[in-house]
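Notes follow the structure.
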Amino acid sequence: MTRRFYVTTPIYYVNGAPHIGHAYTSVAADIVARFRRLAGDQVHFLTGTDEHGQKVEQAATAAGETPQAFTDRISADFRAMADTMQISYDDFIRTTEPRHVSGAQALWEKVAASGDIYLGAYEGWYALRDEAFYGEDELIDGPNGQKLAPTGAPVEWVREPSYFFRLSAYQDRLLELYEKRPEFMGPSGSRNEIMSFVRQGLRDLSISRTSFRWGVPVPNDPEHVMYVWFDALSNYLTALGYPDTNNPLMAFWPADLHLVGKDIARFHTVFWPAFLMAAGIELPSRIFANGWWTVEGEKMSKSLGNVIDPRDLVSEFGVDAVRFFLIREVPFGGDSDLSRRSFIHRLNTELANDLGNLAQRTLSLIARNCNGALPEAGARTEADTHLLAQAELLPSLMEEQVGRCALTDALEETWKIIRACNAYIDHQAPWALKKTDPERMGHVLRVLADALRIIATVLQPWMPESMDRMLTQLGVSESERSFAALGVALPAGRELPAPKGIFPRYTEAEDEKGQ
RNA sequence: GGCGGUGUAGCUCAGCGGUAGAGCAGGGGAAUCAUAAUCCCUUGGUCGGCGGUUCAAAUCCGUCCACCGCUACCA
């Protein structure tokens, strides 16, 4: 009985080029998706782009393009970034696709049928640039007496008819949800903030606009287009074929995990469950927010010119190095800093020295002393048993951690074993056994090969390309790389390809920057 | 202003009632299979300040200080 697992990234807003933050969330989701596949689940992994709204309409006009041509171009760029980062998405949804538009409309009608949508008027201080309304008390005085949003954007008093969602009616049910299902959202800091936000009281939510046209038309009232969050959030359902319950993909609902950036955690933990409750649809299992990246200690911003395109790092260091660093550097959920110095340091100490060198020394000993064939396992000594027992625990240990989105902790678990392997090889000294006890030398190398196989298998979700190479060098065929396959030992005597370094060191660059 | 979080070794952080921990950095040694990588040992902290509860407090309570986040529509 295969378990189904549905994981999503946010759909990214196409008003700018993809940067390291987008890559971060996608890599995290990809690790979860790949991990679940290794564990044997049937996985559906969704990513995509959010393409409606006034800002997009205007950006397109400014670029001298139609909105559709503009979004085609930017969306393709996001998709290219996902491909570069080796994101193993099963589907890429665009909110301008017909399947999404009709699905979002169906969801709207379902919510409307519950009586939780009504027509009213929205008026307030509106900032075109931010595409947002602001409260009177939030405004600041600009030069010439002009009122400005806290972001510095000019505002104007606007009144327009709008459909509202009766969010205020859901306050108690939401709080009850958070209390009853503490795992519904994380990390805990984010959870506390959301809960206190909801306790402060919820206002009804404006969910349509008449001031621009680039959006999903509201059913039965074409003057209105959907406000961006109703449109965007529904993608998680429309990508499964909603409202067509006969679509086989609908079996993946409810989603197991929505991964989001912490800035949009609220929309996913407040608006989304409320919409779903109104529509009588099951709620997702878990929503987890990741933190922000700073660059060399500074906030990423266009004006500072320090926005990092992950593809630049990939072309210099390789995709796996970037994926590894993003998840390894700081406990997943918190904020983190990307500096060239710490980046190179991580790659050198952990990838090149600890793991790469371990594989290299083990494999070259086998190549030279065992005719390049996988040695036979011998009777296990206490040291052998101790090492392998720890390694064999990895899949289940990491499964628990990945389930909690503790992606960094899971890596740390693996590194403990890698360090133990380095200690083991030194203590066993197979290069010395070669003269005194060649049989035992083979057994020691086999223990290391087996431990490395486990290590490379569990690390596949984090570093798919390099672990593919490592498993190949260890003689593990494509069909022997799942967690289940770990239960079957590789036959002794299997021929191994010539070992080749997997993680290079970056000495020059480190010297340049070092001090 | 309100709510919340953080403050532990030089750095990044774990521990959250019972004799201070990890990784990295620093120091000493071993080894030489390996990407000069590795292994072993080791220096280093009145656990932000002050009070309190307790046989016992990084760990609970109070208070103060310093930073940070959230307070309605940007990964």
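To find a chain, count down the sequence lines: A is the first, B the second, and so on, and within it residues start at 1. The structure displayed is predicted, hence computed values, not measured ones.
Using a 4.0 Å heavy-atom criterion, one finds that A:Phe267 contacts the sugar-phosphate atoms exclusively. A:Leu358 comes within 4.0 angstrom of no nucleic acid atom, judged by non-hydrogen atoms across all strands. A:Trp293 comes within contact range of at least one nucleobase, with a heavy-atom separation under 4.0 Å. Base engagement by A:Gly21 is indicated by at least one non-hydrogen atom pair under 4.0 Å involving a base atom. Using a 4.0 Å heavy-atom criterion, one finds that A:Pro10 contacts the sugar-phosphate atoms exclusively. Here A:Arg199 lies out of heavy-atom contact (under 4.0 Å) with every strand. Within 4.0 Å (heavy atoms only), A:His19 reaches at least one base atom of the nucleic acid. Nucleic acid contact for A:Asn15: none, since no nucleic acid atom lies under 4.0 Å from a heavy atom of the residue. Using a 4.0 Å heavy-atom cutoff across all strands shown, A:Gly356 reaches at least one base atom of the nucleic acid. When heavy atoms are screened at a 4.0 angstrom cut-off, A:Ala423 is found touching the sugar-phosphate backbone but no base atom. Counting any heavy atom pair closer than 4.0 Å across all strands shown, A:Ile194 reaches no nucleic acid atom. At the heavy-atom level, A:Ile20 lies nowhere under 4.0 Å from the strands shown.
B:rG1 and B:rU71 make up a base pair, with Watson-Crick or G-U wobble contacts both under 3.5 Å. B:rC39 is paired with B:rG29 under the criterion used here, namely a Watson-Crick or G-U wobble arrangement in which both key atom distances are under 3.5 Å. Of the nucleotides present, none pairs with B:rA57 by Watson-Crick or G-U wobble criteria with both distances under 3.5 Å. Shown here, B:rA66 forms a base pair with B:rU6; the pair counts as Watson-Crick or G-U wobble because both key distances fall under 3.5 Å. Nucleotide B:rC11 is matched to B:rG23 when pairs are restricted to Watson-Crick or G-U wobble geometry with both distances under 3.5 angstrom.
Taking 3.5 Å as the limit, the base of B:rA37 and the side chain of A:Asn353 contain no donor-acceptor pair of atoms between them.
Rounded to a whole angstrom, the distance from the P atom of B:rG51 to that of B:rA14 is 28 Å. Comparing B:rU8 with B:rA66, their C1' atoms sit 16 Å apart, to the nearest whole Å. On the C1' atoms, B:rC39 is 8 Å away from B:rA31, given to the nearest whole Å. The P atoms of B:rU19 and B:rA58 are separated by 11 Å, rounded to the nearest whole Å. Nucleotides B:rA37 and B:rG15 have their P atoms positioned 32 Å apart, rounded to a whole Å. When the C1' atom is used for both B:rG45 and B:rA20, the distance is 8 Å, rounded to whole Å. Between the P atoms of B:rG52 and B:rC11, the separation comes to 31 Å (whole Å). Taking atom P on both nucleotides, B:rG21 is separated from B:rG29 by 26 Å, rounded to a whole Å.
Because its glycosidic torsion is within 90° of 0, B:rA58 is reported here as syn.
The A:Leu202 side chain lies nearest to B:rA72 when the options are B:rC74, B:rA72, B:rA34. The side chain of A:Phe271 sits closest to B:rA72 out of B:rA72, B:rG69, B:rC33. Nearest nucleotide to the side chain of A:His427, out of B:rC40, B:rC33, B:rG4: B:rC40.
Aromatic rings from A:Phe317 and A:Phe325 are positioned such that their centres are separated by 6.0 Å or more. Separation of the A:Phe267 and A:Trp229 ring centroids falls under the 6.0 Å cut-off.
Under 4.0 Å is where a charged nitrogen must lie from a carboxylate oxygen, and between A:Asp384 and A:Arg440 at least one such pair does. One finds no salt bridge joining A:Arg73 and A:Asp77 here, because no Lys/Arg side-chain nitrogen approaches an Asp/Glu carboxylate oxygen to under 4.0 Å.
The phosphate of B:rA37 has neither OP1 nor OP2 within less than 4.0 Å of any side-chain N or O from A:Arg361.
Rounding to the nearest 0.5 Å gives a distance of 12.0 Å between CD1 of A:Ile287 and CZ of A:Arg191.
Rounded to whole Å, the distance from CD on A:Gln360 to P on B:rU32 is 19 Å. With rounding to whole Å, A:Tyr122 atom OH is found 11 Å from B:rA72 atom P. The CG-C1' distance, from A:Leu411 to B:rU12, rounds to 16 Å in whole Å. Whole-Å rounding puts the A:Arg419 CZ to B:rC40 P distance at 11 Å. One interatomic measurement links the two molecules: NE2 of A:His345 to C1' of B:rG26, which rounds to 12 Å at whole-angstrom precision. Here B:rG23 presents its P atom at 13 Å from CG of A:Asn422, a figure rounded to the nearest Å. Rounded to whole angstrom, the span from the CZ atom of A:Phe164 across to the P atom of B:rA72 amounts to 16 Å. Atom CD in A:Glu350 sits about 15 Å away from atom P in B:rA37, given to the nearest Å.
Across the interface with RNA chain B, nearest-nucleotide mapping of A:Gly291 and A:Ala352 shows A:Ala352 to be the residue nearer the 5′ end. Comparing A:Ala420 and A:Phe197, the nucleotide of RNA chain B nearest to each residue sits closer to the 5' end for A:Ala420.
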Exercise. Could you go step by step and tell me if A:Phe324 and A:Trp415 meet the ring-ring contact (aromatic ring centres under 6.0 Å, His included) rule?
Worked result: CA-CA 12 Å; A:Phe324 174 78; A:Trp415 250 259; 5.2 Å; yes

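A:Thr96 and A:Thr71 are not linked by any side-chain donor-acceptor pair at a separation below 3.5 angstrom, with hydrogens and angles left out of the test. Using modelled atom types and a 3.5 Å distance limit, the side chains of A:Asp204 and A:Tyr163 yield no donor-acceptor pair.
Among the candidates A:Tyr118, A:Trp272, A:Tyr170, the single residue satisfying the ring-ring contact (aromatic ring centres under 6.0 Å, His included) test with A:Phe165 is A:Tyr170.
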